[in-house]
Asker: 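Below: one structure in structure tokens.
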Amino acid sequence: MDKYLSRSIDQALLEWKDNPRRKPLLVRGARQVGKSSTIRHLGKNFKYFLEVNVERNPEVMEFFKGSRDVKSIAAKLSDFFNVPVVPGETLLFLDEIQKCEDVIHSLWFFKEDYPELHVIAAGSLLEFALKNLSSFGVGRVSSLFVYPMSFDEFLTATRQEGLLRIKRNSSPTNPLPEAFYNRLVEAFRSYMLVGGMPEAVATYTETGSYRYSSDIVNEIIQGYQDDFAKYGAKANPLLLRQTLISVAHQAGAKFVCSRVEGQYRSAEVKVALEMLKDAGLIIPTYHTDANGVPLGAEINERVVKYLIHDTGVLLGILGIDDDIDERIKEMMVADSIDLVDKGHVAEMMAGLELIKYSSPQTRHQLYYWQNMNKGTCAEVDYVIGRSGSIVPIEVKSGVKGSMSSMYSLMRNPQKHIEMGIRCSLENFGTFASPDGKKIDIIPLYAISNLFAEK
């Protein structure tokens with residue numbers, strides 16, 4: 001991409017740059033979500049920028065082998081690439097570090113022996129390498145997690161900052177004016193089709209074509225499948241492909257291993273799921289009893305939903321590109337109820353947006369609630385913790401749809417739930433549950449408002 005699309009992670013990177021107590025930084029996330037681009041953009045704030053791609057320049061690995069003298073390593077890199085390494089003036093970017101454990105281990109010693117030098121590292125399949133290290137850099141390395149672009153970032157990329165401002169200034173007690181509401185729904189339709197992969201968004205902003213952005217997404221999906229062979233000895237590329245496809249088809253429902261095509265054993269599918277999760281391609285949503293925070297204290301790891309990490313990728317995997325022009329027409333003219341019913345896309349988008357606006361310093365988990373008693377089917381799409389309390393979030397289509405599951409959860413005296421959120425393509429609003437508890441309407445396109453500083 002020639003033009004850089006600004007990201008919310010940019011601010012976190014600048015804060016790291018200016019922190020006198022900073023540690024070497026790992027930028028983590030799936031392939032093609034923009035890790036390297038954000039780091040190169042940060043490099044413009046330095047006098048010198050030294051990018052070392054271990055995969056592209058494997059000969060540099062010898063500088064790290066058997067040596068813990070990071071000042072000597074930095075001097076050799078400086079001479080090799082002919083870029084000065086000056087503490088406070090140079091950003092050293094070590095990319096694709098999963099290729100060499102010695103490079104990964106060097107981050108510890110940059111913290112210990114060369115803390116004045118700014119050092120950032122990244123890698124497309126980094127999580128696999130980190131998992132094989134029994135203890136990595138505890139207390140000596142920081143992390144930032146990067147995801148595909150959020151809707152707010154999409155609005156900025158498509159030069160619709162006015163919509164972004166008025167959305168951020170709206171609330172359940174101060175809904176959007178009708179004209180802005182309609183424009184936001186249209187922009188959200190576009191975001192749903194394009195997704196948040198930076199190259200796809202850049203292509204859409206340059207061409208205005210869903211067809212061209214879809215082509216980019218299909219190339220990214222093919223790249224993911226090509227990567228399957230690099231996952232390690234336990235990886236079966238065909239099983240990984242079939243599992244990823246099955247996750248797409250089972251979006252919004254408890255994942256059932258037996259539905260993966262190919263008659264694989266559950267244990268094999270679970271290994272594939274773990275690998276896809278480590279690669280950042282799928283995100284689990286765990287069942288919780290929702291009795292209090294932290295929600296993760298009561299999860300049932302046997303009851304899990306999975307989200308594809310990007311809606312554009314989801315739609316590409318589902319194969320809508322086979323007749324993309326017809327599907328675009330269908331989605332662009334559909335009313336809001338039909339629009340959000342497409343393949344549980346709305347529920348998935350809500351979960352992804354909840355993660356994208358959370359602090360990038362931590363890998364955040366998603367949770368949902370389901371009544372596990374026999375003969376019941378009550379289920380709430382997401383539950384989050386806010387100010388020490390549980391808040392249920394129900395994703396609905398349009399202005400209709402039963403809220404009985406949320407109401408049953410909120411009525412349970414053991415849960416101590418005082419309010420809930422309905423998330424849809426409606427305008428902002430508020431109403432009361434049958435027993436008088438507050439329900440705020442937070443639109444799908446305004447989930448970032450939940451994270452705004454009060």
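Counting begins at 1 with the first residue of the sequence.
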Asker: Identify the heavy atoms of Leu126 and Gln98 that sit nearest to each other, and give their distance.
Answerer: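 For Leu126 versus Gln98, the nearest heavy atoms are CA-CB, 4.0 Å.
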Asker: Tell me whether the NZ or CZ atom of Lys305 lies within the 45° cone about the ring axis of Tyr368 and under 6.0 Å from its centre.
Answerer: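 Pair Lys305/Tyr368 counts as cation-pi.
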Asker: Between Ser150 and Lys356, which heavy-atom pair has the shortest distance, and what is it?
Answerer: CA-CD, 3.8 Å
Asker: Mind telling me whether Phe151 and Phe154 have parallel, tilted or perpendicular rings, with 30° and 60° as the class edges?
Answerer: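 Rings of Phe154 and Phe151: parallel, under 30°.
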Asker: Check Leu5, Ile9, Asp10 against His41 for a side chain to side chain contact (heavy atoms under 4.5 Å, CB included) and give me the one that passes.
Answerer: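 Of the listed residues Leu5, Ile9, Asp10, the side chain to side chain contact (heavy atoms under 4.5 Å, CB included) partner of His41 is Asp10.
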Asker: Is there a donor in the side chain of Gln222 and an acceptor in the side chain of Asp226, or the other way round, less than 3.5 Å apart?
Answerer: yes
Asker: Can you tell me how far CD1 of Ile390 sits from CG of Asn412, rounded to the nearest 0.5 angstrom?
Answerer: 12.0 Å
Asker: Does Gly196 offer a backbone N or O that forms a donor-acceptor pair with the side chain of Asp310 under 3.5 Å?
Answerer: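 At least one qualifying donor-acceptor pair exists.
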Asker: Side chains of Ser448 and Lys167 only: does a donor on one sit below 3.5 Å from an acceptor on the other?
Answerer: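 There is such a pair between these side chains.
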Asker: With distance as the sole test, does Arg386 use its side chain to make a donor-acceptor pair with the main-chain N or O of Leu450 at under 3.5 Å?
Answerer: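 Yes: the side chain of Arg386 pairs with the backbone of Leu450.
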Asker: State, with a plain yes or no, whether a side-chain heavy atom of Leu273 is found less than 4.5 Å away from one of Val247.
Answerer: yes
Asker: Could you check whether Lys65 pairs with Glu62 (Lys NZ or Arg NE/NH1/NH2 to Asp/Glu carboxylate O, under 4.0 Å)?
Answerer: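 Salt bridge absent between Lys65 and Glu62.
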Asker: Would you say the side-chain atoms of Asp440 pair up with the backbone N or O of Ile442, donor to acceptor, closer than 3.5 Å?
Answerer: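 A pair under 3.5 Å: no.
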Asker: Output the distance between atom CZ (Arg22) and atom OG (Ser142), rounded to the nearest 0.5 Å.
Answerer: 10.5 Å
Asker: For Arg56, is the CZ atom crowded, meaning more than 12 foreign heavy atoms sit under 6.0 Å from it?
Answerer: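 Check fails, neighbour count at 12 or below.
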Asker: Is a side-chain N or O of Thr243 found less than 3.5 angstrom from the main chain of Leu239, in a donor-acceptor match?
Answerer: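 Checking the backbone N and O of Leu239 against the side chain of Thr243, a donor-acceptor pair under 3.5 Å is found.
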Asker: Enter the distance from Arg40:CZ to Glu51:CD here, rounded to the nearest 0.5 Å.
Answerer: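 Here the interatomic distance stands at 4.0 Å.
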Asker: If you count every heavy atom of other residues, nucleotides or ligands that lies below 6.0 Å from Lys277 atom NZ, does the total exceed 12?
Answerer: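 Yes, enclosed.
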Asker: With a 4.5 Å heavy-atom cut-off, do Thr205 and Lys3 have their side chains touching?
Answerer: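 Thr205 vs Lys3: side chains apart.
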Asker: Crowded around Glu59 CD? As in, over 12 foreign heavy atoms under 6.0 Å?
Answerer: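 Enclosed: over 12 neighbouring heavy atoms sit under 6.0 Å from CD of Glu59.
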Asker: Identify the heavy atoms of Tyr224 and His309 that sit nearest to each other, and give their distance.
Answerer: OH-NE2, 3.0 Å
Asker: Is the backbone N or O of Phe64 less than 3.5 Å from a side-chain atom of Ser67, with the two atoms forming a donor-acceptor pair by type?
Answerer: no
Asker: Side chains of Ser36 and Phe93: closer than 4.5 Å at any heavy-atom pair?
Answerer: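 Yes; the side chains approach each other to less than 4.5 Å.
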Asker: On the 0 to 90° scale, with breaks at 30° and 60°, tag the Phe110-Tyr114 ring pair as parallel, tilted or perpendicular.
Answerer: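 Correct class here is parallel.
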Asker: List the residues meeting salt bridge (charged side-chain N to carboxylate O under 4.0 Å, His left out) with Asp227, not counting sequence neighbours, and say none if there are none.
Answerer: Arg31, Lys230
Asker: Hey, mind stepping through Lys254 and Glu379 against salt bridge (charged side-chain N to carboxylate O under 4.0 Å, His left out) and telling me if it holds?
Answerer: CA-CA 11 Å; Lys254 174 191 170 185; Glu379 182 177 311; over 6 Å; no
Asker: Please test Leu42 against His118 for side-chain contact (heavy atoms from CB on, under 4.5 Å), starting from the C-alpha separation and ending with a verdict.
Answerer: CA-CA 11 Å; Leu42 175 68; His118 291 78; over 6 Å; no
Asker: Using every non-hydrogen atom in the two residues, find where Glu161 and Thr156 come nearest and quote the distance to one decimal.
Answerer: OE2-O, 3.7 Å
Asker: If we only count heavy atoms from C-beta on, is the Ser408 to Asn371 side-chain gap below 4.5 Å?
Answerer: no
Asker: Kindly indicate, with the supporting measurements, whether the criterion side-chain contact (heavy atoms from CB on, under 4.5 Å) is fulfilled by Trp16 and Ile120.
Answerer: CA-CA 10 Å; Trp16 169 83; Ile120 288 187; 3.4 Å; yes
Asker: Between His364 and Tyr147, does the ring centre distance come in under 6.0 Å?
Answerer: no
Asker: Taking only Lys NZ, Arg NE, NH1 and NH2, and the carboxylate oxygens of Asp or Glu, determine whether Lys35 and Asp95 approach each other closer than 4.0 Å.
Answerer: no
Asker: Is there a side-chain contact between Thr362 and Phe145 in this structure, where contact means two heavy atoms from C-beta onward sitting under 4.5 Å apart?
Answerer: no
Asker: Decide ring pair (Phe, Tyr, Trp, His ring centres under 6.0 Å) for Tyr204 and Tyr212; before the verdict, give the C-alpha distance in whole Å, the side-chain angles of both, and the deciding distance to 0.1 Å.
Answerer: CA-CA 7 Å; Tyr204 175 71; Tyr212 291 152; over 10 Å; no
Asker: Looking at Ile447 and Cys423, what are the two nearest heavy atoms and their distance?
Answerer: CD1-SG, 3.8 Å
Asker: Going from CG on Leu354 to CG on Leu366, what distance comes out if it is rounded to the nearest 0.5 angstrom?
Answerer: 6.5 Å
Asker: Where the side chain of Tyr382 meets the backbone of Glu347, is there a donor-acceptor pair that is under 3.5 Å apart?
Answerer: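 Yes; judged by distance alone, with no hydrogens or angles, the pair exists.
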Asker: Begin with the C-alpha distance, continue with both residues' side-chain angles, and end with the deciding distance and a verdict on side-chain contact (heavy atoms from CB on, under 4.5 Å) for Leu26 and Ile97.
Answerer: CA-CA 10 Å; Leu26 276 179; Ile97 66 168; 3.8 Å; yes
Asker: Under a 4.0 Å threshold between the charged nitrogen and the carboxylate oxygen, would Glu127 count as salt-bridged to Arg363?
Answerer: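 Yes, this pair counts.
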Asker: Assess the residue pair Glu268 and Asn236 against the criterion (side-chain contact (heavy atoms from CB on, under 4.5 Å)); give the C-alpha distance rounded to whole Å, side-chain angles, the decisive distance to 0.1 Å, and a yes or no.
Answerer: CA-CA 9 Å; Glu268 294 176 300; Asn236 176 336; over 6 Å; no
Asker: Quick check on side chain to side chain contact (heavy atoms under 4.5 Å, CB included): which of Val383, Asp289, Thr285, Val380 does Tyr367 satisfy it with?
Answerer: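 Only match with Tyr367 under side chain to side chain contact (heavy atoms under 4.5 Å, CB included): Val383.
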Asker: Please check: side-chain N/O of Glu153 versus main-chain N/O of Ser8, any donor-acceptor pairing under 3.5 Å?
Answerer: yes
Asker: Hey, are Glu96 and Ser124 close enough side-chain-wise for a donor-acceptor pair under 3.5 Å?
Answerer: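 A pair is found: one side chain offers a donor N or O, the other an acceptor, under 3.5 Å apart.
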Asker: Which word best sums up how the rings of Phe451 and Tyr357 line up, parallel for under 30°, tilted for 30 to 60°, or perpendicular for over 60°?
Answerer: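 Tilted: the ring planes of Phe451 and Tyr357 meet at 30° to 60°.
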Asker: How long is the gap from CG on Leu164 to CG on Asp152, to the nearest 0.5 Å?
Answerer: 5.0 Å
Asker: How long is the straight-line distance from OG1 of Thr203 back to CD of Glu199, given to the nearest 0.5 Å?
Answerer: 5.5 Å
Asker: Between Ala235 and Leu240, what is the shortest heavy-atom contact and its length?
Answerer: CB-CD1, 3.8 Å
Asker: Side chains of Glu261 and Ser246: is there a donor and an acceptor less than 3.5 Å apart?
Answerer: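 On atom types as modelled, these side chains do not qualify, holding no pair under 3.5 Å.
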